[in-house]
Amino acid sequence: MDATTAPHRVPPEMPEYGERNHIFELMQVMLEQLLIYQPKDPLSFMIDHLQRNNDNVPKIVILGPPASGKTTIAMWLCKHLNSSLLTVENLITKDSSTLATEATSHYQKYKTVPNSLLVRLIQERLNDEDCIKRGWILDGIPETREQALMVQTLGITPRHVILLSAPDTVLIERNVGKRIDPQTGEIYHTTFDWPSDSDIQNRLVTPEGISELETARKLLEYHRNIVKIMPSYPKILKVISSDQPCVDVFYQALTYVQTNHRSNAPFTPRVLLCGPVGSGKSLQAALLSQKYGLINVCCGQLLKEAVAEKSGFGNLIQPFFEKEMAVPDNIVLKVLTHRLSQQDCIQKGWVLHGYPRDLDQAQLLEKLAYKPNRVFFLNVPLDSVLERLTLRRTDPVTGERYHLMYKPPPTMEIQERLLQNPKDAEEQIKLKMDLFYRNSAELEGFYTHALTINGDQDPYTVFEYLESGIINPLPQKVP
């Protein structure tokens with residue numbers, strides 16, 4: 001494009017297509033791969049990369065001291081994500097691999113595998129079809145900074161690194177009671193996780209090297225190495241305390257690996273706020289508009305402005321306002337799309353509230369290519385909504401608004417003349433709440449990536465949750 005003709009009127013379909021198909025991220029990953037591998041034929045390399053279509057499969061490293069539970073968490077994640085588990089043990093016992101045979105021979109003699117051989121084993125394993133298509137989880141690898149650097153040099157880059165942490169005293173206690181089922185490889189504990197099946201109990205064996213002295217020695221070596229490994233993963237490493245129930249550790253780990261990292265891709269927020277009357281949509285929209293420059297689009301306000309301006313749309317809307325009837329969807333949609341198609345909304349983004357209110361309206365909006373990329377449902381219980389709305393009052397003399405609980409009038413004289421808007425009557429509010437929740441289930445089903453937020457808390461706390469949901473990528477939903 002000719003820069004002298006700026007600003008350009010970019011069709012809204014272009015950035016929406018780029019965001020929906022992650023074009024920026026795709027190009028960024030391909031460029032990274034080209035620079036890492038430096039192929040002689042870049043075009044063939046990129047075609048092969050695109051055909052693999054595995055940029056978003058799990059690529060996870062789980063690290064932690066002895067007895068931190070990393071193998072258990074790795075196994076659970078593998079089952080949940082349908083990925084392949086890679087450990088030193090299963091790498092060196094891989095069938096039909098000369099590297100594995102060499103590693104096994106060395107391990108039997110020296111109880112270790114040379115770093116160069118281990119890294120080549122990892123590289124060989126990651127080229128197998130299951131790792132390419134379903135992703136992989138490295139359990140306890142790398143163990144040293146040298147291994148970490150060698151792995152990175154080969155272009156093996158995890159998307160998420162989890163570091164489990166617990167006090168040494170807890171780890172020693174755990175390790176001493178560890179037992180292993182030789183048939184299944186499942187790990188049990190004499191105190192915390194003893195099997196109920198007597199057959200399993202009888203075949204459990206005590207693994208080598210788990211005495212208190214040996215565990216303390218391993219922990220000392222681990223602490224010496226881990227501080228050198230951590231700088232290798234500055235933006236993708238998350239520390240999770242393993243001094244809590246294993247299920248809690250697993251769900252924290254699962255939540256993290258399902259989270260996409262923030263991207264440098266250009267992003268224009270198109271935010272939809274859904275919630276019952278009194279849930280705080282207008283306030284949150286105003287806060288988002290103020291901080292991020294988004295255009296605040298309130299559907300009800302647009303209709304009122306159209307009537308006030310006596311525009312063509314306003315003349316159509318006026319009779320419905322006079323009869324206190326709902327404005328037909330086709331008229332509302334014309335007013336709304338006219339506003340969303342203006343250049344400020346395209347360039348800056350928008351935050352919409354008050355529409356859509358049901359599934360039909362949502363489908364109509366999407367057909368016209370006005371699809372939000374962030375949808376939030378603000379949940380507030382009926383009691384809180386009634387407290388917020390039924391106690392609102394207006395001073396007919398000054399026009400000042402009060403709330404009998406949160407902002408009471410300063411004098412009895414003012415309080416005696418306050419009036420309540422008929423729309424704030426308890427019966428009216430209950431009707432609106434009932435109507436919203438009758439339609440909300442279908443709306444939530446339509447907006448599959450919507451985020452639900454507890455709106456019954458401090459407004460600025462709600463805003464922080466909204467802000468986080470807009471800035472950060474949407475979490476992946478794995479069945």
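This is a predicted model, so every value here is computed, not measured. Numbers here are sequence positions counted from 1. All heavy atoms count here, side chains included; hydrogens, waters and symmetry mates do not.
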Check: residues 243-253 side-chain donor-acceptor pairs under 3.5 Å, at least two apart:
from : atom 1 : to   : atom 2 : distance (Å)
Q244 : OE1    : Q252 : NE2    : 3.1
Q244 : NE2    : S241 : O      : 2.6

Quiz item: Do side-chain atoms of Q147 reach the backbone of E143 as a donor and acceptor pair under 3.5 angstrom?
Solution: yes
Quiz item: Hey, what do you get for CD (Q342) to OG1 (T337), rounding to the nearest 0.5 Å?
Solution: 10.5 Å
Exercise. In sequence, state the C-alpha distance, the side-chain angles, and the governing distance for N373 and H449, and then conclude on side-chain hydrogen bond (donor to acceptor under 3.5 Å, both in side chains).
Key: CA-CA 9 Å; N373 50 23; H449 285 90; over 6 Å; no
Practice problem: Would you mind reporting whether C299 and H353 have side-chain heavy atoms less than 4.5 Å apart? | Solution: no
Quiz item: What's the verdict on side-chain contact (heavy atoms from CB on, under 4.5 Å) for T268 and K348, showing C-alpha distance, side-chain angles and the deciding distance?
Solution: CA-CA 7 Å; T268 303; K348 297 179 181 179; over 6 Å; no
Quiz item: How far does CG of L85 sit from OG1 of T71, to the nearest 0.5 angstrom?
Solution: 7.5 Å
Self-check item: Nearest atoms (heavy-atom pairs only) where T157 meets K59
Solution: O-CD, 4.2 Å
Quiz item: Is the closest side-chain heavy-atom distance between L273 and Q284 below 4.5 Å?
Solution: yes
Quiz item: For M433, which residues count as a side-chain contact (heavy atoms from CB on, under 4.5 Å) partner, sequence neighbours excluded?
Solution: P276, V277, L382, V385, I429, Y437
Practice problem: Check step by step if side-chain hydrogen bond (donor to acceptor under 3.5 Å, both in side chains) holds for E387 and Y406. | Solution: CA-CA 10 Å; E387 183 182 283; Y406 304 127; 2.3 Å; yes
Quiz prompt | Within-4.5 Å side-chain heavy-atom neighbours: L419 and D395 | solution = no
Quiz item: Does the side chain of T169 reach to within under 4.5 Å of the side chain of L171, using non-hydrogen atoms?
Solution: no
Quiz item: Where is the tightest heavy-atom contact between N56 and R159, given as atom of each residue plus distance?
Solution: O-NH1, 3.2 Å
Practice problem: Rounded to the nearest 0.5 Å, what's the gap from CG on L359 to CD on E444? Could you check? | Solution: 12.5 Å
Quiz item: Does D434 pair with K430 as a salt bridge, N-O distance under 4.0 Å?
Solution: no
Exercise. Could you check if a side-chain atom of L86 sits within less than 4.5 angstrom of a side-chain atom of C131, using non-hydrogen atoms only?
Key: yes
Quiz prompt | Short side-chain to backbone donor-acceptor contact, S68 and P65, under 3.5 Å | solution = yes
Quiz item: S84 and D130: side-chain donor and acceptor closer than 3.5 Å?
Solution: yes
Report, one line per pair, each donor and acceptor closer than 3.5 Å where one atom sits in a side chain of residues 300-311; sequence neighbours left out.
from : atom 1 : to   : atom 2 : distance (Å)
S311 : OG     : A306 : O      : 3.3
S311 : OG     : G314 : N      : 3.1

Quiz item: Between T144 and N225, is any side-chain donor less than 3.5 angstrom from a side-chain acceptor?
Solution: no
Self-check item: side-chain contact (heavy atoms from CB on, under 4.5 Å) evaluation trace for I414 with R417
Solution: CA-CA 5 Å; I414 296 176; R417 67 179 185 233; 3.7 Å; yes
Exercise. Give me the one residue out of V257, L138, L77, V161 that meets side-chain contact (heavy atoms from CB on, under 4.5 Å) with I62.
Key: L77
Quiz item: Short question: side chain of T390, backbone of L386 - any donor-acceptor pair under 3.5 Å?
Solution: yes
Quiz prompt | From L43 atom CG to M46 atom CE, the distance as rounded to the nearest 0.5 Å | solution = 5.0 Å
Quiz item: Hey, is CD on E322 packed in by over 12 heavy atoms from elsewhere, all under 6.0 Å?
Solution: yes
Exercise. Look up atom CG in N379 and atom CZ in F376, then write down how far apart they are to the nearest 0.5 Å.
Key: 13.5 Å
Practice problem: List in chain and number order the residues that pass ring pair (Phe, Tyr, Trp, His ring centres under 6.0 Å) with Y460, two or more places apart in sequence or in another chain; answer none if no residue qualifies. | Solution: none
Quiz item: Which one of V351, I346, D344, L352 satisfies the side-chain contact (heavy atoms from CB on, under 4.5 Å) criterion with I295?
Solution: D344
Practice problem: Determine, for K407 against E400, whether the closest basic-nitrogen to carboxylate-oxygen distance falls under 4.0 angstrom. | Solution: yes
Quiz item: Going by atom types alone, do T87 and D139 pair a side-chain donor with an acceptor below 3.5 Å?
Solution: no
Self-check item: Nearest heavy-atom neighbours spanning L164 and I73
Solution: CD1-CG1, 4.2 Å
Quiz prompt | Salt bridge present between R388 and D383 (N-O < 4.0 angstrom) | solution = no
Self-check item: Residues that Y256 engages under ring pair (Phe, Tyr, Trp, His ring centres under 6.0 Å), provided they are two or more places apart
Solution: H160
Quiz item: Any idea which heavy atoms bring V239 and S165 closest together, and the distance?
Solution: CG1-CB, 4.0 Å
Practice problem: Determine, stepwise, if the pair R357 / D329 fulfils salt bridge (Lys or Arg N to Asp or Glu O under 4.0 Å). | Solution: CA-CA 10 Å; R357 298 190 179 195; D329 284 352; over 6 Å; no
Self-check item: Interatomic spacing from CG in L237 to CD1 in I240 - rounded to 0.5 Å
Solution: 9.5 Å
Quiz item: Side-chain donor-acceptor pair under 3.5 Å between Y292 and E467, yes or no?
Solution: yes
Quiz item: Taking only residues two or more places apart in sequence or in another chain, which ones pass ring pair (Phe, Tyr, Trp, His ring centres under 6.0 Å) with H223?
Solution: none
Exercise. Could you walk me through whether H80 and W76 pass side-chain contact (heavy atoms from CB on, under 4.5 Å), step by step?
Key: CA-CA 6 Å; H80 192 90; W76 289 2; over 6 Å; no
Quiz item: Considering all heavy atoms of both residues, which atom of N82 and which atom of R134 are nearest to each other, and what is their separation?
Solution: O-NE, 3.0 Å
Quiz item: Hey, are the side chains of S232 and R145 touching, using non-hydrogen atoms and a 4.5 Å cut-off?
Solution: yes
Self-check item: Exercise: identify the closest heavy-atom pair between Y355 and L272
Solution: O-CD1, 3.2 Å
Self-check item: Test side-chain contact (heavy atoms from CB on, under 4.5 Å) applied to Y370 and S341, step by step
Solution: CA-CA 9 Å; Y370 295 99; S341 64; 3.1 Å; yes
Quiz item: Got K334 and I331 here, is their nearest side-chain heavy-atom distance under 4.5 Å?
Solution: no
Self-check item: Sub-4.5 Å side-chain heavy-atom contact between T394 and L418
Solution: no
